[in-house]
Each structure stands twice: as C-alpha cells, then as structure tokens.
Amino acid sequence: MSKSARVLYWFRTDLRLHDSPALQAALDLKPAALFPVWCWDPNYVYKHRVGINRFRFLLESMNALSKNITSTQSNSQLLVVRGEPTELLPELWKRWNITHLVIEKDPSAYGRRRDKLIREAAKKSKVEVVAVQGHHLYDPEEVTKRNKGKPTMSMSTLQKIVSDMGDVPKPIDAPKDLPLPTLKDSKSKSLKDTLSELARSLEGLPHYTGKGREGPESVDLNSTELGGQRDKKVTCYDTVNGEPSELFSVPTLASIGMDASKVKDTIKGGEPVALEKLANICKDAEYVATFAKPKTSPGQSAEDPSTTLLSPYLKFGCLSVRKLWWDAEEAKKKYKGGSKTGPPENLNGQLLFRDMYACAEHAIGDAFQRVKGNEVCRYMDWYLPTHYDKNGEVVLPRPPGDAVSEARLSAYKLGQTGFPWIDALMRQLRLEGWMHHLGRHSVAAFLTRGQCWISWERGAEIFDEYLIDWDPCSNPGNWMWLSCSAFFTQYFRLYGLATFPAKYDKTGALVRKYCPELAKFPDKYIYEPFNAPKDVQQKAGCIIGKDYPFPMLDEKATKGENMERMKICYQANLHGTSKEVLEGKADDMLKKQHGFKDPPKEFDWNNRPGSKIPDWAKAPKGEEHTTKGAPGGGNGAPVKHEDDGHDSDDAVYEQEDEQKEERGSKKRKPAVKQEEGKSKKKK
DNA sequence: GAGATGTTGTGAAA
DNA sequence: TTTCACAACATCTC
C-alpha cells in the first residue's frame, strides 16, 4: 500500500522542516510523490483581522520554507494554490491522484471547523487523512479529554494533567530528502518542468472570486472601511496557481491589496531566522537558566528585547515548540551558577501557558474569542460590546457605541491617548507588530478594567490586526486575564501608567523612541509630561495640549470608579453563558440593581491636537481621529483632529492655566469631566 | 471551613 | 531593599 502512496502535505501552522511530526508521518508512508502545498485561504485574507505586518511575516516565512524545500529537494518547492481549501483541495486530490492528505493538527476553532469539512470531503474522495499534533507541547485534544472536557483555567491544573502524559517529545531533525511532487506519468526533468506540468493539470479550474466561506459574503474585515489596512484591490485570486512566470509562487503584499512601505520590518519571518535566534539565545546559558518573565523589562524595543521574541515564529510554526523547550533545557544544564528559575516564570513556563490557553480554547471553542456564550468569561457591562443579530450572528460593522468610548478607542488604537506609556506601546505595536508581554498587560488593563471600561473584545481585535504573533488562544486568553474576565481575579491589582514603567526604566527610553515629540522631556516628567511646569514643556519643545495630546481621561478617578464597578460585577457573578446575558438583559439588570452610570458623555477633542505627533503615528489620511473605521466599525462621532494644532490655542492655554493651579494640590485635570453623582452600590 | 496560593500592583513604612 | 497593608478575588490543599 505505502509504495503507491501519493501524499498531499498541507502546510498551515507549521512553516518549517525541522521537528515536524506531521511531515515525518508523511515521509513514513514512503510516498511515491509528495506535494508540499500551501492553500492561500480567502478566509484568512478577508475574514480574519490581519494587518500588513502579519501578512508580511507570513509571506516571508512561506518564501523561506519554499527555499528550504528546494534546497532539500532541488525539484520541489512550496506549491501555493489560491482558493477556498474546501473547494480547491478536492480538485488537487483528483488531478494529482492523491491517496493521503497529511496535516499538522490545527487546534484553533476556525482550524477545526475547516478541517471537519475537509475530512468529510476526503472521505468522499477516498483520500486518507493523517493529522498529527505538533503545534503545542501536548495535544490540546488529549489534555481536554483528561480534564473531562473542562477548560484548563490555571497553570496548576495544566501541570497536574501533563505530569501524567510523560515528557515533552524530543525534537526530530529536518528530512534530508523529500519525494518529488510529480504526476503519475511525469516526464519532467527540472523544477520548471514539474511546475509547468502541475499547472497544466489544473487547467480549467475556475479562479476564486468570493470572500471566503466564513461569515457574511460581502464583509472584508481588512478593508479600510472596517478599520483594516487594505486600501487596494486584491489580485492574488486572479489565478489559481500564480502568474505563468512564477507558477505556484508565494503571493506578494501588493497582491493582497496592502502597501509594504507602511510598516517597519523589524521582525523578519522564516525558519532559518527562527533557528538562528534560538541558537543565539541558548548560547547564553545564564539568560536561559535565570529567565524570569515578570522581571523582564517591557521598556525595551524589538531591536533589543528583554524577552526571546520567538512568539511570531511559534505562531506560524517556523520554530518547533518542542525544540525551543528542549534547547532551553540543554542550555539550563550548562549553567553552573546559582539558583535557576522554574515554571511558571521561566522560558518553559511560558510555553506551558501557551498550552494552557490552547487547551482552554479547545474546550470552549469559538466562543473563547467573545464574551457572549463563553462560559469561562465573567460578564462586565463594558462599553462597546459586540452586537448580535436575531440569529445570534455577530453584527458587522459593529453598531456605534457611546461617542466618548468610540473616541477613546480610536485614540488608543492610534497611540494618542495623552499617556506616553500607553501611546509608545500602541505605536510600537502598530508600526512593528510586536509589544513586550508586560506592555500588553499595561495597555490591556488600561482599555478595560483600569481606565476606559471598554470591552476586551475591542482590544483583542486591535491586537488581532496589528500583532504578528496573534494567536487565537493566547490572545483572547490574555485579554480575559487582564480584564479579570477569566483566569485572573485580583482586580485590585492595577498597573499605573507612570509607576509601572518607571519600575523598569526611569529614563523612558521606549517613550522617547515611539513618542519623539516627548523626547526632550526630563526623566522626571517623561511618563507624565502633563505634570511638567510650562517652562519645562517649553524647554522640551513640546507643549501639552498643543504638540502632544492632553490626557484623555483622569487615571486615578477612573481607576477608583472602575474598581468599585468590578466589585459590583463580581458580586452579580454573571458569565457569558448566564441566562441574563444570552437574553441580552444583563446590562439592564446590572443597571437597575446596582445603579451603574451611563457612559461618559463629554470629550473635548479641541484640546488634544498633538501637532508634533510624527506622521507615521498619525491616522491614515482622511481618517484623522474619527471613530469611523474603529475596529469593528464606529459611529463617526464628531471628534475633531487639528493637524497643525494652532486653531485652538485659546482653549489650550485656558486648560494649561487650570492645570497649573491644580498642580499645587497634586491633582490632575481630567480631559473628561466627571459625571454628576457617584455610582453607589446598594448593599 | 481555614489557610495558603496565585508568573508580572502600589505605596508607605521599616 | 524588603515587608506589609490595601480591601479582597477564586481555587486548591489540608
């Protein structure tokens, strides 16, 4: 049987050749032919929020993989076909006489939904499917089974389960040879011949014209209308297998309608880069052996990170998680110094957290990315929640929420909140597609339970769009953690917008880098330039309220109100699957029972022009500071943005004077007036 | 049922 | 630099 096996190896979550148990399983079939395929899925192009940086990283990784395949087998390469996998793959099986489809298990909810359809199609086509776990340390399916179908909600739970599952498997080497991707009666002598033959075999296939099978057909989540980064036409689906001059080639950024000049490619994709980075990290045995995540500084940039910055490579499978695990173990052994760190704070512990979120997501499914229907997610009456239609489908674009929250979300996304620490982090994210884990803590807590009281779903969407390493399990998992919706409950622990970064870097290097308009402020005021006396601001060449925005809210006041509000929500003890939540009555109930306040109503944008904000940090032309195009849509609230910052000088000085007066009493002037009357709990 | 524990808070006091 | 109160959560162990 195995002699005549003809394998289609479908790459998805595993853009590598080293330590790929699935690829090994394919080779174990001793196939007569092996087709290394990437199906350029329109659902990923249109129906997932993916920004330029993640697409760039993915395309680089695909190109690197293709090169790697060719250097292993000169007459092979990554065969990129463009179309809906459920339609296209069955055609390939038929035309290439495929007997086996081999895949690395994709444990995400979307992956499982897609693969279920593929399995059904394969059954009809009499193609055998071989699916092998390889993306995590342990198989989320197996862990969930051992946890009786329940989500793994704590590190100790996960550790207890996996302690019975044996060691993490040792990594295996990359194959030294690969079978050829040739047709049964092939006469090809070269890669070029092979590609031509394969292209001829696909003649007559219609090219894909839709926007993916998932969700409403017309919706393109990455279009600029919906706040995305696609401003040009998608052309990658004009052919099934690429242009005749570059058959089965990796698409370009331009062909997915995105402009590469808009991002900074600090983090390069690909398996070779990943392996080199890992080797360099493991050379420093002390670093690996004493690594303690909470002690690493969020104030360092991607060029000189305090962490490994390997997450993007794990996300796309450019790096095997088992290789990282065992190389770290080996490095640790070499360290003869004092005390070594252990899980959960060490490197291996970080990988265990990744598994914990994957296993939790596996048990919950699609709802893991949302509040509603998510049994582990505590319900809070956040502003800007996700809306659903009568059929329970998410409404896109999202109907507008209150104007102030929309405006705050927009400023947050652009890094123009008036809080340097938040703005530097958000601009770093937008520009480079990465942010230190503790920086993510800061901005996530700020948006949700800390200051803005905006749903973590909105924050997760922004991360979804900008982060290279976005992961369907870790990202929502961490947003629930930081918003105290799940996994973590100590809501009285909150990150200060100046105190927390100052713990790591009193000089504010990250702020100076990403908020250059603030670069000349003395250390004392770098995280709170709005507290600097007027002469200091003048000397720094940056007047707050004119060259850099005034803070968009009062940090301490919102902190106090929101903490009280968290307490009330915890007492109400509603979750995503509570009856009141599913029936849409939770907000009214909470409001009635606990006297919650309405959303804030005033937002004085005239005092937030920010004329010295660098061009790259500004909103795209025509979308300056409008909530139109906020993630998931918006109401286009009347938020004004003055590019030159001179139109509203009177208002600026008025505010500055008030600020000066209040400085004596160490109280900051909030940009948003406080609501009349405090919320009162009834107990 | 009590007490300890939980990767990653803050600010004052010792 | 370390320790503890803050006002207080859920979960795990005994």
Side-chain angles (χ1 to χ4, degrees), chain A residues 137 147-148 150-163 288-300 305-308 311 328 339-357 360 375-380 419 421-422 425 435-446 448-451 474 477-506 510 527-528 555-575 666 681 683:
Chain A
L137 298 171
N147 200 30
K148 298 180 184 110
K150 287 183 300 185
T152 45
M153 297 306 291
S154 72
M155 195 56 164
S156 54
T157 304
L158 178 86
Q159 283 176 303
K160 214 160 139 195
I161 296 166
V162 301
S163 67
V288 175
T290 61
F291 184 92
K293 186 63 159 281
K295 292 193 180 121
T296 59
S297 170
Q300 279 171 283
S306 57
T307 48
T308 63
S311 55
S339 58
K340 301 175 185 181
T341 48
E345 62 177 358
N346 72 350
L347 282 181
N348 304 62
Q350 305 310 301
L351 300 180
L352 286 168
F353 271 111
R354 181 171 172 270
D355 266 43
M356 180 190 83
Y357 286 128
E375 66 173 272
V376 300
C377 182
R378 210 168 258 286
Y379 185 86
M380 260 63 94
F419 294 103
W421 177 237
I422 298 298
L425 290 164
M435 192 196 290
H436 183 280
H437 184 66
L438 292 178
R440 300 182 197 196
H441 276 223
S442 286
V443 299
F446 172 79
T448 57
R449 67 186 168 92
Q451 271 69 43
S474 299
N478 274 309
W479 272 95
M480 282 188 266
W481 182 299
L482 266 308
S483 61
C484 288
S485 300
F487 300 102
F488 181 76
T489 58
Q490 287 158 288
Y491 56 77
F492 41 90
R493 287 193 184 165
L494 192 54
Y495 302 83
L497 303 180
T499 49
F500 184 69
K503 241 177 29 182
Y504 298 90
D505 177 18
K506 288 199 167 32
L510 200 82
Y527 294 119
E528 290 176 308
E555 180 192 353
K556 300 285 179 310
T558 49
K559 173 185 164 177
E561 286 164 20
N562 291 345
M563 222 172 258
E564 197 169 303
R565 199 161 175 170
M566 284 301 286
K567 190 173 162 186
I568 294 164
C569 284
Y570 263 75
Q571 282 167 357
N573 198 29
L574 294 169
H575 288 77
K666 278 200 166 184
K681 53 175 178 175
K683 276 186 184 176

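Below, chains carry the letters A, B, ... as their sequence lines are ordered, and counting in each starts from 1.
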For a quick check of understanding: with a heavy-atom distance under 4.0 Å over all strands, which category does Arg378(A) fall into, base, sugar-phosphate or nothing? sugar-phosphate
Rounded to whole Å, how long is the line connecting atom CG of Leu482(A) with atom P of dT7(B)? 14 Å
Under the side chain to side chain contact (heavy atoms under 4.5 Å, CB included) rule, collect the residues that match up with Pro501(A), sequence neighbours excluded. Trp421(A), Tyr527(A)
By the 4.0 Å heavy-atom rule, please label Phe353(A) as base, sugar-phosphate, or nothing. base
Just call it for Leu438(A): base, sugar-phosphate, or nothing, with non-hydrogen atoms closer than 4.0 Å on any strand. base
Out of dT7(B), dA8(C), dG9(B), minimum distance to the side chain of Lys567(A) belongs to dA8(C)
Please work out if Gly496(A) contacts a base, only the sugar-phosphate, or nothing of the nucleic acid, heavy-atom cut-off 4.0 Å. sugar-phosphate
Between P on dC4(C) and CZ on Phe492(A), what's the gap in Å once rounded to a whole number? 17 Å
According to the Watson-Crick and G-U wobble definition with distances under 3.5 Å, which dot-bracket string, read 5' to 3', encodes DNA chain B, using [ ] for crossing pairs and | for pairs with another strand? ||||||..||||||
Minimum-distance nucleotide (side-chain atoms of Ser154(A) versus dA10(C), dC12(C), dG11(B)): dC12(C)
Aromatic plane relationship, Trp481(A) with Phe488(A) - under 30° parallel, 30 to 60° tilted, over 60° perpendicular: parallel
Which part of the nucleic acid, if any, lies within reach of Lys160(A) when heavy atoms closer than 4.0 Å are counted: base, sugar-phosphate only, or nothing? sugar-phosphate
Can you check the Gln451(A) CD to dG9(B) P distance for me, whole Å? 15 Å
Under 4.0 Å between a side-chain N or O of Ser156(A) and OP1 or OP2 of dC12(C)? no
Rounding to a whole Å, what distance do you find between Lys503(A):NZ and dT2(C):C1'? 14 Å
Step by step, would you call Asn573(A) with His575(A) a side chain to side chain contact (heavy atoms under 4.5 Å, CB included)? CA-CA 7 Å; Asn573(A) 198 29; His575(A) 288 77; 3.3 Å; yes
Between N or O atoms, less than 3.5 Å apart, protein on one side and nucleotides 12-14 of chain B on the other: list the pairs.
none

Using a 4.0 Å heavy-atom cut-off across all strands, classify Thr157(A) as base, sugar-phosphate, or nothing. sugar-phosphate
